[in-house]
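I have placed the structure first, in the form of structure tokens, so that the comments after it can refer back to it.
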Amino acid sequence: MYKKILSSLALFFALSITTFSAEVPMDAKLDYNQGIDFYKLGMYERAVESFRSAIRTYPDYMDAYYNLGTVLEYLRNYSDALSVFKQMYMRNPNDYEIIYKLAEISNKLEDYGNSEKYIALIPQTSEYYEKAQEISNKIKAQTTVPERPINPPSTIAIQTGIYENILSPTGITTDKQGNIYVATFSDNTIIKISPDNKRTIFLKSNQISGPISLASDAIGNIYVANYNANNVLKISPSGVVTILVDRLAKPYGLHVCGDMLLITCQGSNSIFRQKI
């Protein structure tokens, strides 16, 4: 059984750093001890490099693998930590602590399918069985979609709520990610409200003048009816702003229909069609 110097939960030194298996080359031992020293000093990236160097010198250095994976997990570098623990699993597929670590890190990466596969490998006789079942229960709680009651035909389900303190809001639209975009007429700004209700300024530019209506298309472009500037702007998903249509008479309403943008123009009592 290999010796684990760093605890994966508390990152705490539990054993002496000077006892090694006789077959470990001296260069690998030196790199390994250097990794321990760097860790104690809080120089975690340097510790990672030292443990990696020890493994390059001695590819079966299980203590170095374990400590490398532990530090990477502590640094939230979960993908690399997972790769390290996989190397340990390949060398000893019956180590249930390592299998548990693979399940735990896969869960942190939201790779729930593989996490469950690792959990299934841990028998009830293992001391890690109960911990693994706790992860499994969390996965089930995260991935299970609650059944929604079917409303009778005469009932309309309405979700209520309010976004307050938005200065002179006018146009509004959404994207596929659930973000809400709101035009503020007097402030010449487009506000973005994310699904977690965080507000950011999506666009504030001298190109915006009296934004009164917004629309969005299937690939994430946002369109702005610039009432005072007599034009319609197009904002790409990467934030590039261009004038889609110019010289309109007070553009007001916007509607996307397939590959066409319909624009109502109050100043000319007309509806303008523009291919997008």
Side-chain angles (χ1 to χ4, degrees), residues 1-123 125-139 142 196:
M1 182 66 178
Y2 51 87
K3 181 161 64 333
K4 302 157 191 174
I5 306 303
L6 305 180
S7 164
S8 61
L9 296 179
L11 289 177
F12 143 80
F13 296 92
L15 300 174
S16 167
I17 65 171
T18 56
T19 304
F20 297 97
S21 301
E23 69 271 15
V24 178
M26 181 56 66
D27 287 349
K29 294 179 183 179
L30 292 173
D31 284 331
Y32 180 85
N33 276 338
Q34 190 176 55
I36 298 291
D37 291 337
F38 281 137
Y39 170 76
K40 288 181 177 179
L41 294 171
M43 302 170 68
Y44 303 121
E45 298 293 345
R46 298 287 297 275
V48 165
E49 289 306 312
S50 293
F51 290 135
R52 288 193 190 278
S53 180
I55 291 169
R56 283 194 293 270
T57 302
Y58 184 56
D60 291 326
Y61 204 160
M62 300 299 275
D63 289 357
Y65 277 111
Y66 189 90
N67 289 348
L68 173 60
T70 297
V71 176
L72 288 169
E73 183 183 7
Y74 177 73
L75 294 174
R76 298 178 181 270
N77 191 343
Y78 297 131
S79 294
D80 285 353
L82 186 70
S83 296
V84 171
F85 285 113
K86 280 182 178 179
Q87 290 294 320
M88 299 186 73
Y89 173 67
M90 291 171 58
R91 288 166 170 77
N92 186 2
N94 295 317
D95 189 324
Y96 298 123
E97 179 184 3
I98 298 307
I99 296 173
Y100 169 77
K101 292 300 300 178
L102 290 170
E104 183 182 43
I105 297 172
S106 294
N107 180 51
K108 290 178 179 178
L109 287 167
E110 298 183 358
D111 186 357
Y112 302 127
N114 277 322
S115 183
E116 289 280 24
K117 288 179 182 179
Y118 289 124
I119 290 170
L121 297 175
I122 302 176
T125 55
S126 169
E127 61 181 301
Y128 294 96
Y129 178 80
E130 293 298 331
K131 290 183 178 180
Q133 292 307 304
E134 290 177 7
I135 295 176
S136 181
N137 291 335
K138 289 179 181 178
I139 291 173
Q142 290 171 327
D196 60 0

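Between R56 atom CZ and D27 atom CG the span is 12.5 Å, to the nearest 0.5 Å. Distance CG/D95 to OG/S126: 9.0 Å, rounded to 0.5 Å. Of the inter-residue distances, the one linking T57 atom OG1 with Y32 atom OH reads 14.5 Å to the nearest 0.5 angstrom. Atom CD of Q87 and atom CG of L82 lie 11.0 Å apart (nearest 0.5 Å). A distance of 6.5 Å separates NZ of K86 from OG of S106, quoted to the nearest 0.5 Å. Here L41 contributes atom CG and F38 contributes atom CZ; the two are 8.0 Å apart, rounded to the nearest 0.5 Å.
Minimum interatomic distance between I55 and Y61 (heavy atoms only, all atoms of both residues): CG1-O, 4.4 Å. Residues I122 and Y129 share a closest heavy-atom pair of O-CD1, 3.4 Å. For the pair V71 and F51, the tightest heavy-atom approach, listed with the atom from each and the gap, is CG2-CE1, 4.3 Å.
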### Task
Go through the steps to decide whether I139 and N107 satisfy the test side-chain contact (heavy atoms from CB on, under 4.5 Å), and finish with yes or no.
CA-CA 8 Å; I139 291 173; N107 180 51; 3.4 Å; yes

### Query
Taking it one step at a time, do E73 and K108 satisfy salt bridge (charged side-chain N to carboxylate O under 4.0 Å, His left out)?
CA-CA 10 Å; E73 183 183 7; K108 290 178 179 178; 2.8 Å; yes

### Task
Any chance you could lay out the side-chain contact (heavy atoms from CB on, under 4.5 Å) test for Y100 and I135, step after step, and finish with the verdict?
CA-CA 9 Å; Y100 169 77; I135 295 176; 3.6 Å; yes

### Task
Apply side-chain contact (heavy atoms from CB on, under 4.5 Å) to V48 and R52, showing your working.
CA-CA 6 Å; V48 165; R52 288 193 190 278; 3.6 Å; yes

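Between the side chains of Y39 and N67, no donor N or O sits under 3.5 Å from an acceptor N or O. Using a 3.5 Å distance cut-off with no hydrogens or angles, the side chains of S53 and D31 do pair a donor with an acceptor.
A donor-acceptor pair is defined here as one N or O able to donate and one able to accept, closer than 3.5 Å; such a pair exists between the side chain of N137 and the backbone of Q133. In this structure a side-chain-to-backbone donor-acceptor pair under 3.5 Å is present from S115 to A103.
Residues Y58 and E23 meet the side-chain proximity criterion, which asks for heavy atoms closer than 4.5 Å. Proximity of P123 to Y96: side-chain heavy atoms (C-beta onward) are separated by under 4.5 Å at one or more points. Within the 4.5 Å cutoff, side-chain heavy atoms of P59 are placed close to those of R91. Contact of the V84 side chain with the Y89 side chain is not registered, since no non-hydrogen atoms from C-beta on lie closer than 4.5 Å.
Paired with F85 under the rule side chain to side chain contact (heavy atoms under 4.5 Å, CB included), one option of I99, L72, T70 passes, and it is T70.
Under 4.0 Å is where a charged nitrogen must lie from a carboxylate oxygen, and between E49 and R46 no such pair does.
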